[in-house]
Amino acid sequence: MLGTMLRILFCLPFVACLQQSAQHHHLPGYKVTATAAVDLQHLFSAVSPPQWGFTGGDVATSLPLANNEYLWLFGDTLYGQMRDNGTRRHFTQMPRNSIGTLKLATNPESTPIQHFIRGYDHMHPQHGGFFSPRNTSQWFWVEYGLNLGGGIYLFGNLLEKGPPGLFPFQTVDYVCIQVTSNLTTNPMNWTYTYTSMGTGDLGWAAVGSDDMYVYLLGNWNHKAILARNPISEVVNGNKWTQLQWWTKAKRWQSGKVPRTTLDVLFGFPPPEATLQYNAELGYWIVPSIFFESTQVQLFLARNITGPWKGPYTVYDIPAPWATKPVFCYAPKIHPELSTNQSSELLFTYMSNSPGINYLTTHPEIYIPQIVRLKLDKCLPEPWGSCVPVQ
């Protein structure tokens, strides 16, 4: 994740740095200009040869730690080294999760993410991770995180091996991991506990919060549903016994609620995204990439319970990330990287391929790509386009 690797890893001809060309889209009341944030792409650069370390990882969720430092969460992490002048990966291990820290300076271009990888077993490279469950045959995919009252709470899947197939794993439970160490200590020494969230087989597409509640955006039968739990319960024992569900009656209901009575916020929620309120824009925002789509879209709502509007296309993913067999997923918004949240959004998206061999020979894949959206206020014209606000 060094600045020099940006030129090696990302600006070779086959990586198509021509993606810098601007795209133009619209959101309600805004003209959107989308460009690849090449000035920040080095944050995710692979380790410099001949060193061993991070050569790729998905998820790419960020959350504040303290003192202008941010925690980044990564999923399956390719541990190895770059070879042949950065054109080929060589990786021997795949820890199921890892973390990084980013210290934002006056000039963010000079502050790459520092990676921390631990917990993998050279004899069993498919298991382990920075955070690992007690049962060594299982693992965590840690996908979301919140800083609640100065404490770090992370959310993810507890998984184990499943039947053979394209996805040979299965979810056992959904958990909340609490970091119990002083956050100013070396992350390699962090300790943690985890607890079941008690939501059964219901998966979460995104996690957000306000001053009172943690909100869980669920995906049930390809429909977005909503639950919440008091922050006071989470920070006092990591308890999830006060869950409430948003229902078709337009009210919150506690206890065991039939899922057929839950209100549908919108259809086809992303399997993995962010749920954040942008106070400058006055919207809750959920980014989305539909399955096998090459477009990044946004869902918007003034209130978290709706009505939700969208999806609005804000970015057309370019080659090589839009070229099969590559597929894209996991769009995440990162407010800390924006210089002005009233006129700019920055998000990352992930790319992957069905085969490990492709990742070896295409080091531009399975690295977070970062995009900048410039927002200019405008007024809708009768025919649906936009004119600048004078």
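Numbering starts at 1 and runs along the sequence shown. Just so it is clear, the structure is predicted and the values come from calculations on it, not from any experiment.
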Assess, by modelled atom type and distance only, whether the side chains of [X] and [Y] contain a donor and an acceptor separated by less than 3.5 Å.
X: H334; Y: S62; result: yes
X: T180; Y: T191; result: yes
X: Q244; Y: Q253; result: no
X: D263; Y: W246; result: yes
X: N340; Y: S342; result: yes

For the pair Y215 and W284, name the ring-plane relationship: parallel under 30°, tilted 30 to 60°, perpendicular over 60°.
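Aromatic pair Y215/W284 classed perpendicular.
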
Parallel, tilted or perpendicular, judged at 30° and 60°: which one describes the rings of F74 and W72?
parallel

Do W204 and Y277 belong together in a cluster built from hydrophobic side chains that touch within less than 4.5 Å?
no

Under a single-linkage definition using a 4.5 Å side-chain heavy-atom cutoff for Ile, Leu, Val, Met, Phe, Trp and Tyr, are V214 and I152 assigned to the same hydrophobic cluster?
no

Among pairs that include at least one residue of residues 25-34, which meet salt bridge (Lys or Arg N to Asp or Glu O under 4.0 Å), considering only residues two or more places apart or in two chains?
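Salt bridge (Lys or Arg N to Asp or Glu O under 4.0 Å) check on residues 25-34 returns no pairs.
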
With F347, which of L298, L373, L337, I285 fulfils side-chain contact (heavy atoms from CB on, under 4.5 Å)?
L373

Among L63, L65, L104, I113, exactly one meets side-chain contact (heavy atoms from CB on, under 4.5 Å) together with Y70. Which residue is that?
L104

Around N67, counting heavy atoms of other residues, nucleotides and ligands shown, do more than 12 lie under 6.0 Å from its CG?
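No, the 6.0 Å shell around CG holds no more than 12 heavy atoms from other groups.
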
For a quick test of your reading: what N or O donor-acceptor pairs under 3.5 Å do the side chains of residues 266-274 make, sequence neighbours left out?
{"from": "E272", "atom 1": "OE2", "to": "K332", "atom 2": "NZ", "distance (Å)": "2.9"}
{"from": "T274", "atom 1": "OG1", "to": "I333", "atom 2": "N", "distance (Å)": "3.2"}

